[in-house]
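A quick write-up on the structure given underneath.
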Amino acid sequence: MYSNRTKDDPSRIPRGLLLTAGAVVLLLPAALYAIFVHAPVERTMGVAQRIFYFHVPCAMSMEYWFFACGLCSAVYLCKHDERWDAWAVALAEVGMMFFACVLTTGPLWARKAWGVWWTWDPRLTSTLVVGMIYFSYLVLRGAGGIGESGKRFAAGLAIVGALNIPIIKFSVERWRGTHPQVITGKGGGIHPDMKPALLLSMLTIVLLGIMLVWVRVRAERSMQRLDRLEMDAVDRGLLEEA
Amino acid sequence: LTVLWPIKHRGYRWIRLAVLLACLCIAPAVQSAEPQSGSEAEQWRSVTSAEGEDVPGVPLLIAAYALFGICVASYIVRLVRLQQRSRQRIERLAAVMDDERAMSQLVEAHGASP
């Protein structure tokens with residue numbers, strides 16, 4: 001059974017996935033060292049400023065994965081290929097995980113910076129709206145037996161969510177929110193000693209996201225194959241319909 | 001004051017008035033200087049700097065990194081559960097295929113449909 005392992009064999013772990021996982025394992029302690037030991041304490045925010053080093057990469061990853069989910073959903077609607085649907089589901093789930101990280105670490109930053117846990121700032125509000133759209137997408141996909149039309153409807157929802165992502169990006173500049181713009185074009189920039197920590201944490205978070213998406217896509221593809229096999233078995237009367 | 005100090009001299013009227021005003025001014029200050037039995041929130045307290053008003057950052061920092069870890073760990077647990085569910089489905093299908101193979105061998109051996 002295992003002698004003829006092909007590229008599509010689900011039991012075969014790709015070398016790229018192993019390398020990515022290894023890089024994450026090595027980079028995570030390095031990033032934590034850079035954040036907690038190498039990076040200096042910020043003058044106004046104090047130690048709570050170190051939330052920034054994971055909060056910002058998580059927010060960026062969330063935007064990338066959600067946008068990629070919208071693109072894959074668009075391709076799925078055009079080509080009707082299940083492979084793109086699997087990618088869309090995986091990207092939405094990993095994006096949602098990063099959204100949860102952003103939504104939990106952000107208020108802790110806000111409590112220190114603004115004195116409140118939450119404020120209806122344009123960036124916070126637009127991020128919440130996008131997160132709720134993809135949450136709806138995942139709830140719809142999680143509902144049992146949605147069929148082909150349900151998958152298409154969910155794909156449309158993912159595209160709507162992706163169209164909202166530029167609003168998150170430009171909301172601070174357009175509507176003058178309270179959200180800081182330290183590392184964007186109009187921001188004041190960060191201290192040179194803070195840059196290694198931010199770059200390392202960005203690299204770690206992006207690689208972690210790639211690894212999780214990769215694993216999730218493989219799981220989704222396996223489930224799609226199993227669905228087809230089970231349907232075939234039900235048609236032939238070998239299996240009872242669940 | 002006329003009762004307490006019954007001197008009806010014209011020159012003392014201003015002295016009485018000055019004593020009355022002094023009592024009115026000193027009384028609140030003396031009252032505020034006395035220790036009160038209420039809770040600390042009802043008292044005025046002096047601080048040397050603005051540190052007492054600051055939000056402590058360390059618990060927020062610990063909570064942020066802990067929540068990040070919980071989010072990632074929860075998703076990894078979800079992935080493991082998905083793999084386990086897939087494995088169960090594969091085993092179920094494998095059992096069905098073994099049954100089918102046994103059935104076809106039986107059919108071949110007896111040369112008739114079951």
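Numbered from 1 within each chain, the chains take letters A, B, ... in sequence-line order.
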Q) Heavy atoms, side chains only, cut-off 4.5 Å: are Phe67(A) and Val130(A) in contact? A) no

Contacting region of [X] [heavy-atom separation from chain A under 4.5 Å]:
X: Ile90(B); result: both
X: Arg85(B); result: neither
X: Val58(B); result: both
X: Phe68(B); result: both

Q: Please name the pair of heavy atoms, one in Ile168(A) and one in Met62(A), separated by the smallest distance, quoted to 0.1 Å.
A: CD1-CE, 4.4 Å

Q.
Counting only non-hydrogen atoms closer than 4.5 Å, does Asp232(A) touch chain B with its backbone (N, CA, C, O), its side chain (CB onward), both, or neither?
A. neither

(Q) Which residues in residues 15-23 of chain A have any heavy atom closer than 4.5 Å to a heavy atom of chain B? (A) none

Q | Most contacts with chain A, counted as non-hydrogen pairs under 4.5 angstrom, among Val72(B), Ile62(B), Ile70(B) | A | Val72(B)

**Q.** Short N-O contact, Arg141(A) and Glu93(A), less than 4.0 angstrom
**A.** no

Q.
Do the side chains of Arg87(B) and Glu91(B) get close enough for a salt bridge, i.e. N-O under 4.0 angstrom?
A. no

Q: Tell me yes or no: between the side chains of Arg221(A) and Gln224(A), is some donor less than 3.5 Å from an acceptor?
A: yes

